[in-house]
Amino acid sequence: MSQTANLPVPVRYRNLIGGEQAEPSNGKWIASLNPYTGKVWADVPRCGPADVDAAVKAAYAAFQSPAWAGLKPTARGKLLLRLSELIDREAERLAIIEVRDNGKLMAEMLGQVRYLSEWYRYFGGLADKIEGSVIPTDKSAMFNYTRHEPLGVVVAITPWNSPLLLLGWKLAPALAAGNTVVVKPSEYTSASTLEFVKLFHEAGFPPGVVNTVTGYGAEVGDALVTHPLVAKIAFTGGDMTGAHIGQLAAKHIKKVTLELGGKSPNIVFDDANLDDALMGVIAGIFGASGQTCIAGSRLLVQRSAHDQFVEKLVAFARTAHLGDPALATTQVGPITTLPHRDKVLGYIDIARGEGARCVLGGGRPSDPALSEGWFVEPTIFVGVDNQMRIAQEEVFGPVLSVIPFDDEADAIRIANDINFGLAAGVWTRNISRAFLMSERLQAGTVWVNTYRAVSYMSPFGGYKRSGIGRESGQEAIREYLQTKSVWMSLAEGMPNPFVLR
Ligand code: NAD
């Protein structure tokens with residue numbers, strides 16, 4: 001039975017600040033809409049700068065408190081392990097909230113939330129493995145060693161497409177490293193984050209270690225990024241927002257990691273297992289209705305296989321079942337927000353205007369049962385030139401651009417001829433070709449004969465305009481640490497004080 005169609009009256013969520021449930025100081029709220037019904041199902045606080053200040057101050061106080069700063073790393077790790085157990089326990093409840101808020105499939109969100117606990121487990125395990133080194137310097141009678149220390153207050157800003165998973169990619173390493181955090185979720189999908197952070201108290205975290213501030217980016221964003229007590233901003237979202245945050249952070253000398261958009265090439269050679277490639281292309285662009293940063297939105301097909309492959313692709317994609325995202329039979333859900341639905345439709349018009357030929361979809365579905373939801377049909381354009389806007393700009397929806405290529409060199413030229421560099425897919429049975437392409441593609445992730453695989457153990461991030469820094473894997477924890485070099489003289493007597501020692 002549908003879990004989204006008959007919703008209770010709007011649920012009112014509050015922020016978590018200093019361990020307390022907090023109403024917005026200005027008394028304003030944002031209605032959270034269900035993308036399948038178009039109806040309000042929850043209210044979340046529409047915060048302003050005063051709430052930002054309270055949350056950052058609570059995080060800063062917690063950062064200095066003996067209850068957190070005095071915890072041994074193993075104890076800190078155990079709190080994360082305890083949290084991971086609570087996520088396992090609550091996964092289904094949290095996934096239902098995510099589906100209500102962002103309209104993605106229950107199968108996808110439940111899978112994500114169940115997998116999420118591994119990030120907290122993995123980084124909990126790393127908490128007591130942050131080791132400095134002793135440097136055998138060239139100075140005699142001198143002892144020099146390094147310490148890797150937390151930064152302080154980290155602001156984590158997340159988008160609407162996978163709220164809890166993308167938060168975990170920041171929160172787990174930030175906390176394992178000993179920081180405290182203020183979370184700013186998307187104004188469209190704040191509910192799951194507000195429900196999730198209630199678990200921190202039960203897990204045993206001291207109050208103030210994790211805080212939230214919901215609201216519009218334009219109303220709380222600058223206050224968060226420029227707050228003097230904030231040390232770092234960890235952001236996932238669009239490249240224009242990322243550029244704005246990066247600029248402000250540079251001006252105020254704050255550290256940043258930016259996980260931004262993509263326009264990833266999914267490259268099919270004629271020697272590939274074309275049935276597998278077909279599934280990989282579908283997963284890349286119609287999974288999550290294309291609302292994923294790693295969407296394989298540019299399909300590059302070797303010319304010799306082009307017509308046959310496109311024909312099969314269109315035939316398969318035509319059968320995709322659009323419907324209630326809460327149902328197991330649904331394959332393509334709605335677009336998360338109404339403005340974004342219109343943006344996706346706008347890109348379809350742009351593609352037509354540029355001369356690309358639409359061979360599937362191209363608008364809103366005609367089925368009256370879907371009329372209240374913000375759906376866009378799975379859409380495929382052929383005859384796309386890589387210089388067209390439809391090939392260069394991130395649509396973030398179920399819209400695929402197909403571009404033919406001749407050989408490896410041509411595929412690499414087209415694939416890399418773009419500002420983004422988040423991910424790429426390669427489909428081939430030729431092992432040398434697989435290695436060559438993996439080396440030459442300018443992307444933070446390359447998948448060979450698979451697509452959309454991620455793990456808490458594997459670093460993820462962008463080349464070029466797709467971002468700065470890495471999330472997941474051991475190197476992610478470094479993004480939340482700073483190195484201190486400590487020098488101790490082992491001998492008495494100071495040499496000439498007027499020259500460098
Ligand atoms: P967005 O940039 O509009 O918003 C992201 C977050 O930033 C939201 O919480 C928003 O409120 C906040 N924000 C907006 N203006 C701000 C400001 N001036 N200061 C501070 N915060 C501000 O992105 P979106 O539409 O929510 O998400 C879609 C985008 O996210 C796509 O471009 C997608 O590629 C990207 N994304 C990237 C990854 C990745 O890991 N690389 C993952 C998922 C999504």
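Every number for a ligand or one of its atoms is a count from 1 in the order of the listing.
Listed by number with element, the atoms of ligand 1 under 4.0 Å from a non-hydrogen atom of Cys293 are 34 (O), 36 (N), 37 (C), 38 (C), 39 (C), 40 (O), 41 (N), 42 (C), 43 (C), 44 (C). Ligand 1 places these atoms under 4.0 Å from at least one heavy atom of Leu166: 42 (C), 43 (C). Taking a cut-off of under 4.0 Å to the non-hydrogen atoms of Phe460, the atoms of ligand 1 that pass are 40 (O). Counting the atoms of ligand 1 from 1 in the order shown, those under 4.0 Å from a heavy atom of Glu187 are 10 (C), 11 (O). For ligand 1, the atoms sitting less than 4.0 Å from at least one non-hydrogen atom of Pro185 are 9 (O), numbered in the order shown with element in parentheses. Near Gly238, meaning under 4.0 Å from one of its heavy atoms, ligand 1 places the atoms 1 (P), 2 (O), 23 (O), 29 (C), 30 (O), 32 (O).
Counting protein heavy atoms only, atom 24 (P) of ligand 1 is closest to Trp160 NE1, 3.4 Å. Nearest to atom 19 (N) of ligand 1 among the protein's heavy atoms is Gly221 CA, 3.3 Å. The protein heavy atom nearest to atom 17 (C) of ligand 1 is Gly217 O, 3.6 Å. Given atom 27 (O) of ligand 1, the protein heavy atom at minimum distance is Pro159 CB, 3.2 Å. Nearest protein neighbour of atom 31 (C) of ligand 1, counting heavy atoms only, is Glu394 OE1, 3.4 Å. Remark: minimum distance from atom 12 (C) of ligand 1 to any protein heavy atom is reached at Ile157 CG2, 3.7 Å. The protein heavy atom nearest to atom 18 (N) of ligand 1 is His244 CD2, 3.4 Å. Atom 35 (C) of ligand 1 has its closest protein heavy atom at Gly237 O, 3.2 Å.
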What do the steps show when you test Ser401 against Lys263 for side chain to side chain donor-acceptor pair (under 3.5 Å), and what is the final call? CA-CA 10 Å; Ser401 297; Lys263 192 76 189 177; 5.0 Å; no
Side chain to side chain contact (heavy atoms under 4.5 Å, CB included) between Leu175 and Val210: does it pass, once the steps are laid out? CA-CA 9 Å; Leu175 295 175; Val210 174; 4.0 Å; yes
If you apply the rule side chain to side chain contact (heavy atoms under 4.5 Å, CB included), what do you find for Phe196 with Ile87, and how did you get there? CA-CA 8 Å; Phe196 166 65; Ile87 295 171; 3.7 Å; yes
Criterion side chain to side chain contact (heavy atoms under 4.5 Å, CB included) on Leu116 and Leu165, from CA distance to verdict: CA-CA 6 Å; Leu116 171 67; Leu165 189 69; 4.3 Å; yes
Could you go through the side chain to side chain contact (heavy atoms under 4.5 Å, CB included) check for Phe460 and Cys293 one step at a time? CA-CA 12 Å; Phe460 180 89; Cys293 53; 4.3 Å; yes
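Within a 6.0 Å sphere centred on CD of Gln21, other residues, nucleotides and ligands contribute more than 12 heavy atoms. Counting non-hydrogen atoms of neighbouring residues, nucleotides and ligands closer than 6.0 angstrom, the CD atom of Glu23 exceeds 12 such neighbours.
Assignment of Tyr216 to the shell around ligand 1 is not supported, since no heavy atom sits closer than 4.0 Å. Within the 4.0 Å heavy-atom shell around ligand 1 one finds Phe235. Heavy atoms of Gly467 stay at 4.0 angstrom or farther from ligand 1.
Between Tyr36 and Phe375, the ring planes lie perpendicular to each other; the angle is over 60°, past the 30° to 60° tilted range. Classified by interplanar angle (parallel below 30°, tilted 30° to 60°, perpendicular above 60°), the ring pair Trp41/Tyr13 is perpendicular. Classification of the Trp447-Tyr451 ring pair by plane angle, with boundaries at 30° and 60°, yields tilted.
Residue-level proximity to ligand 1 for Phe396 is carried by the side chain, the only part with a heavy atom below 4.0 angstrom. Contacts between Thr236 and ligand 1, counted as non-hydrogen atom pairs separated by less than 4.0 Å, involve both the backbone and the side chain. Using a 4.0 Å cut-off between heavy atoms, Leu422 contacts ligand 1 through its side chain alone, with no backbone atom that close. Counting heavy atoms under 4.0 Å from ligand 1, residue His340 does not touch it at all. Contact annotation: for Ser162 versus ligand 1, there are no heavy atoms closer than 4.0 Å. Only backbone heavy atoms of Thr158 (N, CA, C or O) come within less than 4.0 Å of ligand 1; its side chain stays farther off.
Between the side chains of Lys170 and Thr257, no donor-acceptor pair is found at a separation under 3.5 Å. Judged by distance alone, the side chains of Thr337 and Trp374 never bring a donor and an acceptor atom under 3.5 Å apart. Judged by distance alone, the side chains of Thr212 and Asn15 do bring a donor and an acceptor atom under 3.5 Å apart.
Ligand 1 has an N or O atom lying under 3.5 Å from an N or O atom of Lys184, backbone or side chain. Residue Thr241 has at least one N or O atom closer than 3.5 Å to an N or O atom of ligand 1. In terms of N/O distances under 3.5 Å, ligand 1 is not approached by Asn161. Taking any N or O of Leu260, backbone or side chain, at least one lies under 3.5 Å from an N or O belonging to ligand 1.
A centroid separation of less than 6.0 Å is found between the aromatic rings of Trp160 and Phe396.
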For a quick test of your reading: what N or O donor-acceptor pairs under 3.5 Å do the side chains of residues 176-188 make, sequence neighbours left out?
from	atom 1	to	atom 2	distance (Å)
Asn179	OD1	Leu151	N	2.6
Asn179	OD1	Gly152	N	3.0
Asn179	ND2	Ala174	O	2.9
Asn179	ND2	Tyr480	O	3.0
Thr180	OG1	Ala59	O	2.7
Lys184	NZ	Gly215	O	3.0
Ser186	OG	Tyr188	N	3.1

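Distance remark: protein heavy atom not present below 4.0 angstrom from atom 4 (O) of ligand 1.
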